[in-house]
Structures are given as C-alpha cells and as structure tokens.
Amino acid sequence: MTQAQVGVIGGSGLYEIEGISDIERVDIDTPFGRPSDQIVVGTLSGVRVAFLPRHGRGHRISPSELPAQANVWAMKMLGVTHLLSISAVGSLREEFRPRDIVIPDQILDRTKGVRPATFFGNGVVVHIAFAEPYCPELRQIVFEAASQTAAAQEIGVRVHNGGTMVVMEGPQFSTKAESYFHRQIGGDLIGMTALPEAKLAREAELCYTTVAMVTDYDCWHESEESVTVEMVVQNLLANVDVAKRILKTALPRIASAPRACGCDRALADAIITAREAIPPERAKTLKLLLGKYLG
Ligand SMILES: [Zn+2]
C-alpha cells in the first residue's frame with residue numbers, strides 16, 4: 001500500500017488541497033468500516049501526505065455520524081505518524097476574534113456518548129493517558145509555522161498558542177444559556193469534531209494537533225448577531241486559504257523534527273488486560289496497534 005508520513009483531516013470548507021503532486025486516491029476498508037471518503041495520498045512541500053475531508057466531499061456526514069475510528073485507522077494503515085486536524089470553531093473569548101487561528105491545548109467533552117470513542121473494549125481494556133490531548137511537540141511546530149505564515153501574509157490574522165476546546169454534540173449550534181455555560185466551565189473555543197478524533201489518534205500512537213479557525217463568536221457575544229451559517233461560511237472560506245499556506249510551511253518541519261514526545265509509545269503502559277487474556281480474534285483485529293506489544 002502507498003505510504004504517507006503526515007495525515008491531514010480537513011474540516012468544514014477544506015475539501016481539497018491544491019498543489020499536491022504524485023496523487024493517488026485510495027479506497028481503504030478498516031475493521032471499523034470505511035473512512036469519510038477516499039484518501040488523497042501525494043507529495044506537498046516535499047512531504048508525503050494523506051488528505052481526508054472529514055465530512056466527505058460535498059459535506060455529507062454530520063459530526064455525530066463521522067466514522068472517526070475508520071478515519072484514524074486508515075491514516076495509521078497508510079503509515080502516518082503525525083495527524084493534523086483543520087477545524088472550524090466558534091470563539092468563547094473576546095480575544096479569539098473571527099478569522100483568528102488557535103492551536104488549542106485542552107479539550108472539554110460535551111458530546112452525548114453516542115460516538116464510538118475507542119478502538120478497544122470487547123476483551124481488551126486500555127486506559128490511555130490523555131491529560132495532554134494534543135501532542136505538545138507537534139503543537140509547537142504548527143504554532144510557529146502558523147504564526148510565521150500569518151505574519152508573512154499581513155492580513156491581520158492572529159495566531160494564539162493554547163486554548164480549551166469544548167466539543168459539543170450538535171448538529172445545532174448552542175443556545176445562549178449553553179454558550180454562557182461553556183464560557184463558565186473554562187471553554188475558549190467550541191466545535192463538534194475534536195472528539196473522539198483526538199482520543200483515537202492517541203490510541204493509534206499518532207502525534208495529533210488541531211489548527212482551529214475561528215468563524216464566529218458563538219452566541220454569547222452581545223454585539224454579534226446570532227450565528228448564521230452564511231456568516232460562518234464566509235469567515236471559513238477566508239481562512240481556508242491561510243490554513244493551506246500554514247500546511248505548506250509546517251509540513252517539512254514536521255517531517256524533519258525529532259520525535260521525542262512519546263506519542264509513538266502511548267500504548268506501552270496503557271494495556272491493562274493480561275496479554276494471555278486478550279481474545280485471539282481481538283488481537284488479530286487490532287494487530288495494527290497491538291502487534292508490537294503482543295509480540
Ligand atoms: Zn507527539
């Protein structure tokens with residue numbers, strides 16, 4: 001199978017990346033079903049990348065319906081070690097203005113438990129560390145690339161290092177009461193897709209980070225009209241071009257950086273089930289992740 005080093009999952013507004021050469025479109029089947037769409041594997045800025053539009057081309061899949069397990073598993077099958085998420089988000093903080101970019105460092109789960117959020121279970125118990133849901137090393141590389149790209153563009157886009165992403169179920173946007181609540185519990189950004197993707201990336205031992213593109217102030221902001229799809233889409237399209245430039249700057253740095261973060265050994269101390277108690281069928285299904293630990 002064709003291989004890639006860096007995976008990119010594009011969110012709302014990002015369905016294609018121009019400039020990728022040597023393209024191969026791959027249909028992948030996984031033990032968790034099919035990914036959101038074909039994955040485009042090719043070369044961008046000298047790096048082998050695998051690109052997947054999270055919601056499918058034509059934006060067909062709602063956040064609650066995303067095949068996140070298949071998406072992350074497919075990236076792992078392609079040999080991806082670093083996974084970048086590009087995501088449209090609402091802002092819960094005055095200083096995170098629409099069209100700004102945030103590289104978040106924390107997540108608050110406000111989904112409703114309807115999304116399969118682990119590769120394990122059914123005889124294999126894994127409790128993985130998730131105190132830092134985003135890879136600190138990859139975050140820093142992407143933050144620096146984003147800052148430099150935004151500065152070079154001279155378009156007034158600010159890039160913020162850190163922030164807490166609230167993940168809500170949707171697909172409806174928040175009520176005002178919910179928006180105030182999300183601010184009170186410490187949220188800085190609100191989106192619908194960072195989970196379970198970030199959890200699954202950790203279980204797959206991928207470095208993972210998000211480039212969050214602010215499209216609106218959610219509905220807590222008194223001076224703003226309530227969120228409309230039209231407003232969100234306008235800001236989104238303005239930012240998609242910036243996101244693509246950030247990618248082109250970040251990719252060679254990601255590919256050449258030493259990997260000392262530990263993401264590639266995240267499962268080492270997390271598999272609780274005794275090795276001999278793991279059902280052989282499960283070991284076989286999960287070989288892509290567990291193989292190196294089961295010998
Ligand atoms: Zn990492």
Side-chain angles (χ1 to χ4, degrees), residues 3-11 39 44-52 54 68-69 71-87 101-109 117-120 126-149 159-165 167 189 191 193-212 243 246-271 286 288-293:
Q3 294 278 294
Q5 183 177 4
V6 180
V8 179
I9 298 184
I39 297 181
L44 187 66
S45 299
V47 180
R48 292 295 286 172
V49 297
F51 175 74
L52 174 67
R54 181 181 285 112
Q69 292 161 304
N71 290 350
V72 174
W73 191 276
M75 289 290 180
K76 184 78 176 175
M77 284 174 74
L78 288 167
V80 162
T81 54
H82 295 75
L83 186 57
L84 272 173
S85 154
I86 313 287
S87 191
I101 289 167
V102 186
I103 315 299
D105 63 346
Q106 278 298 325
I107 298 179
L108 264 173
D109 188 356
T118 179
F119 293 116
F120 304 106
V126 171
H127 293 299
I128 209 157
F130 201 54
E132 299 293 340
Y134 298 103
C135 169
E137 287 186 4
L138 185 57
R139 279 191 67 251
Q140 194 58 34
I141 294 170
V142 172
F143 169 69
E144 286 170 14
S147 300
Q148 288 162 17
T149 304
V159 182
H160 306 270
N161 194 356
T164 296
M165 174 90 83
V167 187
L189 301 167
T193 59
L195 295 175
E197 198 171 272
K199 290 181 175 178
L200 295 164
R202 179 63 52 78
E203 287 189 347
E205 301 188 323
L206 307 181
C207 295
Y208 179 86
T209 200
T210 291
V211 178
I246 291 170
L247 270 182
K248 286 171 190 167
T249 306
L251 283 171
R253 301 182 189 186
I254 294 168
S256 61
R259 199 179 179 203
C261 50
C263 297
D264 62 338
R265 297 284 300 169
L267 285 171
D269 301 316
I271 306 163
L286 298 168
L288 184 65
L289 304 188
L290 295 183
K292 72 183 188 188
Y293 298 110

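What you see is a predicted model; the values in this text were computed from it and never measured. Order of listing sets the numbers, starting from 1, for every ligand and every atom in it.
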For Glu203, which residues count as a salt bridge (charged side-chain N to carboxylate O under 4.0 Å, His left out) partner, sequence neighbours excluded? none
Hey, does [Y] have a side-chain heavy atom less than 4.5 Å from the side chain of [X]?
X	Y	answer
Thr118	Lys199	no
Leu289	Phe120	yes
Glu197	Thr210	no

Any luck finding a side-chain donor-acceptor pair between Gln148 and Glu144 under 3.5 Å? no
Checking side-chain polar atoms at under 3.5 Å, does Thr149 have a donor or acceptor matched by the opposite partner on Thr249? yes
Counting only protein N, O or S atoms (no waters) closer than 2.8 Å to the Zn ion (ligand 1) gives 4
